[in-house]
Amino acid sequence: MRIPYLYGDLSRDALAALEGAGISRRDFIRRGPGALIVAFAGFGAQAPVSPGGSAAQRVGLDGAGAGALDSWIAIHADGSVTAYTGKCEMGHGLYTAQKQLISEELCVPFERVHLIQCDTALTPDQGTTSGAQSHPANFNRSNLALAGATAREALLDRAARRLGESVDRLEAKDGVVRVKGNPSRALTYGELIGDKTFGIPLHRDANRKHPREWSVLGKPVPRVEIPAMATGTFEYVHNVRVPGMLHGQVVRPPAVGAVLTGVEEGSVLGMPGLVKVVVRKNFVGVVAEKPWQALQAARRLKVRWKPAEALPRQATFYQHLRDQKPTRDTLTVDSKDVDQKLAAAARVVRATYHYPYQMHGSIASSCAVADVRENSATLWSATQAVYPMRSTAAMILGLEPRDVRVIYRMGAGCYGLNGADTVTYDAALLSQAAGHPVRVQLTRKDEMAWENFGVAFVIDQRAGLDADGTILAWDHESWSPTRGSRPGAGTPGNVVTGFLAGFDPAPFSARTPAPDPAAYANRSNAVPSYVTGCVRGRCEGTGTVAAQRVLTHSVPSPFWTGPLRSPQRLQNTFAHESFIDEIAALVKADPVQYRLRHLKDPRLIEVVKEAARAANWETRPSPRPGGRRSGTASGRGVSCVLYEGDNGYCAMVAEVEVRQETGVVAVKRLVIASDCGPISNPDGLRNQLEGGALHGLSRSLYEEVTWDAEKITSIDWRTYRPIFLSDQVPLIETVLINRTEGPAMGAGETAVTVAAAAVANAVFDATGARLREVPFTPERVQAALAVRA
Amino acid sequence: MAVFNLKVNGKSYSVDADPATPLLFVLSDDLGLRGPKFGCGLAQCGSCTVILDGRAVRSCILPVRGASGSDITTLEGLGTPEQPHPIQRAFIEEQAVQCGFCINGIILTAKALLDRNPKATDSQIREGMSGVLCRCGANQRILRAILRYRKEVTA
């Protein structure tokens with residue numbers, strides 16, 4: 001019997017019959033091959049049902065009801081466990097860590113846990129997997145972690161009743177509950193509940209196991225996908241194959257803002273394998289039997305566009321950002337006395353920093369498969385947000401969200417909003433028009449030219465110092481552009497395909513002047529680590545400087561923008577950690593000591609000290625004394641952050657060599673100290689710190705989106721240069737602080753945040769030349785060398 | 001369209017394709033192989049690498065007519081999750097993977113290089129990996145895995 005994957009495979013009567021019997025869609029789908037039998041008596045439908053579903057409890061359709069334990073955990077008669085999560089694996093080790101979590105909390109062997117992730121038919125709605133939020137969401141006292149603890153306690157309760165013992169005389173281990181001291185009195189989980197539902201909510205007061213008891217969590221368990229990835233058997237979204245699947249390609253506008261005026265279908269008439277030309281408002285695509293045929297047809301199709309206005313010139317873009325009106329202004333902190341303090345300061349220091357648009361630049365262009373029927377659709381997508389995707393895809397297709405199923409499959413590392421959502425809409429549109437399943441993988445150019453870039457920034461910093469050289473006021477003002485972002489649940493026009501198909505992006509909503517801040521929140525790391533972060537009497541910053549103001553101006557962007565790993569946080573941290581370093585140099589203080597002088601958060605202080613210690617930091621001011629002005633100079637720099645104000649502590653020391661004749665910077669060593677709470681998997685954490693550091697390095701040294709009067713010109717790996725495997729990379733050492741008494745925090749975006757400033761500070765230490773614009777190309781380094789004091 | 005005889009991972013296949021079709025599409029779409037992958041289609045990233053008559057080639061720009069009659073090895077042809085090839089085992093043991101998409105290009109390029117020159121120096125290995133990209137930053141582990149394999153083959 002063919003296993004249905006679409007609700008559309010069942011008649012509406014059959015669906016209603018299932019639901020009327022209390023069998024959720026998830027129960028129906030997850031039972032899998034071999035477990036589906038029998039015509040459903042009483043309703044005359046040919047709907048298979050799951051056996052043993054006698055007490056099948058409705059867990060709520062489509063993942064709703066995530067307060068129910070059964071939304072998260074199912075235990076089978078054979079003692080195996082199925083867990084469901086809405087936070088998905090993107091190459092960062094989260095799937096394995098979540099398996100470890102369930103194995104630990106439920107006291108079952110790791111191999112016995114089967115984890116299902118991110119499928120709108122099966123898993124709870126956990127929004128988007130992004131922003132270092134997976135550990136805070138699933139590894140603390142809610143959601144998946146709480147489900148594991150609740151289930152363990154529920155099993156102990158059941159065992160207590162059946163064995164006639166109190167719970168404290170019982171212990172759970174390896175999927176069995178035994179009486180302490182009398183292990184032959186035992187019940188397996190299969191005996192206790194197998195294949196039945198718990199029928200209880202998550203228990204708020206359920207006890208997590210303490211990290212000191214961990215035997216699975218906290219260990220460097222190898223990632224479960226790696227054997228399949230290393231042997232070419234892993235199924236990425238790029239490998240999804242559906243019977244009858246065709247291939248699509250898109251035709252994007254030749255210039256930003258160009259509008260479609262005509263499509264000559266005759267230009268591709270008779271091309272081999274061509275099935276359909278699809279046009280919807282400004283969206284154009286083709287569908288063919290084979291991928292090569294689709295590419296050929298897309299290239300040959302004659303499409304006419306009305307050009308748009310010229311783009312702002314790249315050479316003067318930072319000034320353009322400053323000049324734009326209207327703006328949307330935000331004050332994150334304002335002690336209202338910054339101008340006074342600056343006027344009274346013994347010395348005022350100023351600097352301006354520039355950061356370009358950068359792209360996600362995933363190694364694979366994005367891919368999706370869509371099977372759209374008349375009344376339903378199934379989408380295989382690498383979206384980070386399966387439920388929001390379900391809503392917006394439904395909008396695009398004119399379907400109800402409940403009739404759309406989004407199934408997550410890994411793409412290449414995305415680093416935020418790459419083309420994954422865009423291509424899912426592309427595939428959906430083409431499949432709907434063609435009446436067949438359609439696979440789309442974007443060309444490299446389409447992926448790069450139209451993705452939602454990480455934003456450019458102009459950042460002005462001012463600080464007032466007292467006679468001692470201590471900072472007594474800090475003033476920060478920045479400009480950055482915005483257009484679109486994640487589509488969320490209602491804005492498909494936030495990415496290019498939704499926009500081309502006729503949906504608007506989120507409107508730009510001007511606001512000047514900025515309102516007073518209501519509560520402290522440092523989500524963008526716009527507030528430097530060195531100020532008190534006081535708003536309305538509550539101080540939640542990590543520093544000691546009391547006079548502070550942080551004002552940000554958001555302006556419209558000519559290009560699509562969206563979250564790119566450490567969004568805004570990286571750009572702001574580059575400016576803050578460079579500026580504190582500039583001030584330290586002016587007052588002739590050691591950079592580490594100078595930071596510590598203005599920090600009060602003990603965990604931030606500790607990571608700074610740990611990184612310095614591990615790097616054998618030599619205490620002295622920058623630049624290195626006795627440095628020559630020609631030849632190769634070496635130096636060290638430091639940088640630190642509390643990611644988004646409350647989610648991961650990290651400090652980095654960079655050691656560089658600068659070839660002063662050419663301006664080439666070689667980063668020789670990075671030492672990273674990390675404190676993200678209790679560590680789920682130390683090897684996974686190391687992998688993320690190393691990867692984040694190199695990602696940050698690539699962006700600091702090489703990456704910058706470029707454009708001409710009409711279009712993006714960064715369209716391949718020559719025009720957008722990354723670190724290649726042949727490039728020298730630094731030795732990377734990590735110091736992991738395992739903070740077992742504290743909440744689990746994110747880690748994947750910490751190292752990337754501090755890399756640019758650590759390198760810039762090291763270049764200054766080596767040469768006395770200050771880099772204030774990313775990327776640190778040889779030309780920019782040489783220009784900085786030329787103007788050093 | 002024309003018929004091409006391809007020898008892939010020791011088996012023979014007969015494929016009907018436009019002669020200009022890049023070998024990559026024939027391998028992944030017609031033959032359903034998961035090893036070689038489309039990253040850029042421009043031979044800039046290495047994701048599509050296969051070993052053809054002992055050399056690492058970028059299958060995204062090699063027309064299928066150019067591969068006819070050659071011995072082609074893809075990543076899945078080297079070993080399985082249960083019985084990985086030693087070079088694959090090195091990557092598993094070093095956990096030298098993040099998203100894993102680049103690993104095909106890396107393993108096959110490194111293997112072809114070391115097959116031809118098992119005594120390749122660290123710097124020759126790095127040179128040989130120019131044109132292969134890892135965007136997740138697993139570089140340090142990747143190089144460690146390759147060197148670990150080199151140690152095995154020279155032992």
Side-chain angles (χ1 to χ4, degrees), chain A residues 90-93 220 222-223 225-236 238-239 241 247 272 290-293 295-296 361-365 367 410-415 441 443-444 683-684 687-688 690-695 697-698 716-718 722-729 731-732, chain B residues 1 17-18 20-22 25 28-30 32-42 44-47 74-82 84-85 88-89 91-92 95-104 106-107 126-143:
Chain A
M90 300 188 299
H92 57 329
R223 273 185 56 206
E225 308 88 2
I226 290 183
M229 289 173 170
T231 55
T233 51
F234 185 79
E235 186 192 38
Y236 290 92
H238 303 71
N239 303 119
R241 300 287 181 263
H247 295 268
K290 299 225 164 261
W292 182 237
Q293 295 168 337
L295 278 167
Q296 303 285 83
S362 300
I363 186 171
S365 52
C367 177
M410 257 187 80
C414 61
Y415 326 120
Q441 182 171 6
T443 63
R444 172 87 347 234
D683 194 61
N687 216 344
Q688 282 307 289
E690 291 164 10
L694 286 181
H695 189 201
L697 206 62
S698 182
D716 65 10
W717 299 116
R718 272 187 267 254
I723 290 183
F724 281 90
L725 268 168
S726 48
D727 290 324
Q728 289 270 18
V729 287
L731 179 64
I732 305 179
Chain B
M1 301 276 267
D18 173 347
T21 308
F25 294 136
S28 66
D29 187 51
D30 292 283
L33 293 166
R34 291 183 178 174
K37 301 174 175 44
F38 184 101
C40 67
L42 304 165
Q44 292 177 343
C45 73
S47 302
T74 70
L75 186 64
E76 52 258 90
L78 288 188
T80 63
E82 300 73 34
H85 183 280
Q88 293 168 321
R89 198 173 47 235
F91 276 76
I92 295 167
Q95 295 281 286
V97 172
Q98 292 198 28
C99 81
F101 207 91
C102 70
I103 287 309
N104 170 66
I106 290 176
I107 288 181
R126 245 188 318 100
E127 261 300 301
M129 303 303 285
S130 68
V132 188
L133 195 48
C134 164
R135 285 287 287 160
C136 293
N139 308 44
Q140 186 165 262
R141 292 171 180 237
I142 286 169
L143 286 166

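Quick caveat, the model's predicted, so the values are computed rather than measured. For the numbers below, each heavy atom of this structure counts, side chains included, while hydrogens, waters and symmetry mates do not. In what follows, chains carry the letters A, B, and so on, assigned in the order in which the sequence lines appear, proteins first and then strands, with residues in each chain numbered from 1.
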Novice: If you tally heavy-atom pairs under 4.5 Å against chain A, which of Asn104(B), Ile106(B), Thr80(B) wins?
Specialist: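 Answer, by heavy-atom pair count under 4.5 Å with chain A: Thr80(B).
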Novice: Flag the pair Leu75(B) / Gln88(B) as yes when at least one side-chain heavy-atom distance between them is below 4.5 Å, and no otherwise.
Specialist: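 With C-beta onward as the side chain, the pair touches.
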Novice: Could you tell me which portion of Gln728(A) (side chain, backbone, both or neither) has an atom closer than 4.5 angstrom to a non-hydrogen atom of chain B?
Specialist: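 Backbone plus side chain of Gln728(A), per the 4.5 Å heavy-atom cut-off to chain B.
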Novice: Taking atom types as modelled, find out whether Asn687(A) and Gln95(B) have a side-chain donor-acceptor pair closer than 3.5 angstrom.
Specialist: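 There is no such pair between these side chains.
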Novice: For Gly131(B) versus Phe724(A), what's the shortest heavy-atom pair and its separation?
Specialist: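 Closest pair (atom of Gly131(B), atom of Phe724(A), distance): N-CD2, 4.0 Å.
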Novice: Side chain, backbone, both or neither: which part of Leu731(A) has an atom under 4.5 Å from a heavy atom of chain B?
Specialist: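 Both parts, backbone and side chain.
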Novice: Looking at Asp30(B) and Lys290(A), is there a salt bridge between them, counting it only when a charged N and a carboxylate O are closer than 4.0 Å?
Specialist: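 Salt bridge between Lys290(A) and Asp30(B), a charged N being under 4.0 Å from a carboxylate O: yes.
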Novice: Determine the option with the most heavy-atom pairs under 4.5 angstrom with chain A, choosing from Glu76(B), Met1(B), Gln140(B), Arg135(B).
Specialist: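 Sorted descending by pairs with chain A, the first entry is Arg135(B).
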Novice: Parallel, tilted or perpendicular: which describes the rings of His695(A) and Tyr415(A), with under 30° parallel and over 60° perpendicular?
Specialist: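 His695(A) and Tyr415(A): tilted rings.
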Novice: Look at Cys134(B), Ala17(B), Pro36(B), Pro22(B) and state which one has the largest set of heavy-atom pairs under 4.5 Å with chain A.
Specialist: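 Highest number of heavy-atom pairs under 4.5 Å: Pro22(B).
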Novice: For the candidates Pro81(B), Pro84(B), Gly100(B), which exhibits the highest count of non-hydrogen atom pairs separated by less than 4.5 Å from chain A?
Specialist: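 The residue among Pro81(B), Pro84(B), Gly100(B) with the greatest pair count is Pro81(B).
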Novice: Sort Ser698(A) into side chain, backbone, both or neither according to what part of it lies under 4.5 angstrom from a heavy atom of chain B.
Specialist: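 Side chain only.
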Novice: Crowded around Glu127(B) CD? As in, over 12 foreign heavy atoms under 6.0 Å?
Specialist: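 Result for CD/Glu127(B): open.
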Novice: Just how far is it from atom SG of Cys99(B) to atom OH of Tyr236(A), taken to the nearest 0.5 Å?
Specialist: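 If we round to the nearest 0.5 Å, Cys99(B):SG and Tyr236(A):OH are 5.5 Å apart.
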Novice: Which one of Leu697(A), Asp683(A), Thr443(A) has the most heavy-atom pairs closer than 4.5 Å to chain B?
Specialist: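 The candidate making the most pairs under 4.5 Å is Asp683(A).
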Novice: Select one option (side chain, backbone, both, neither) describing which atoms of Arg241(A) are under 4.5 Å from chain B's heavy atoms.
Specialist: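 Contact with chain B involves the side chain of Arg241(A) alone.
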Novice: For chain A, find which of Ile103(B), Thr21(B), Leu42(B) contributes the most heavy-atom pairs closer than 4.5 angstrom.
Specialist: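 Max contact count across the listed options: Thr21(B).
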Novice: Under a 4.5 Å heavy-atom cutoff, which of Leu143(B), Ile142(B), Thr74(B), Val132(B) has the most pairs with chain A?
Specialist: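 Highest number of heavy-atom pairs under 4.5 Å: Val132(B).
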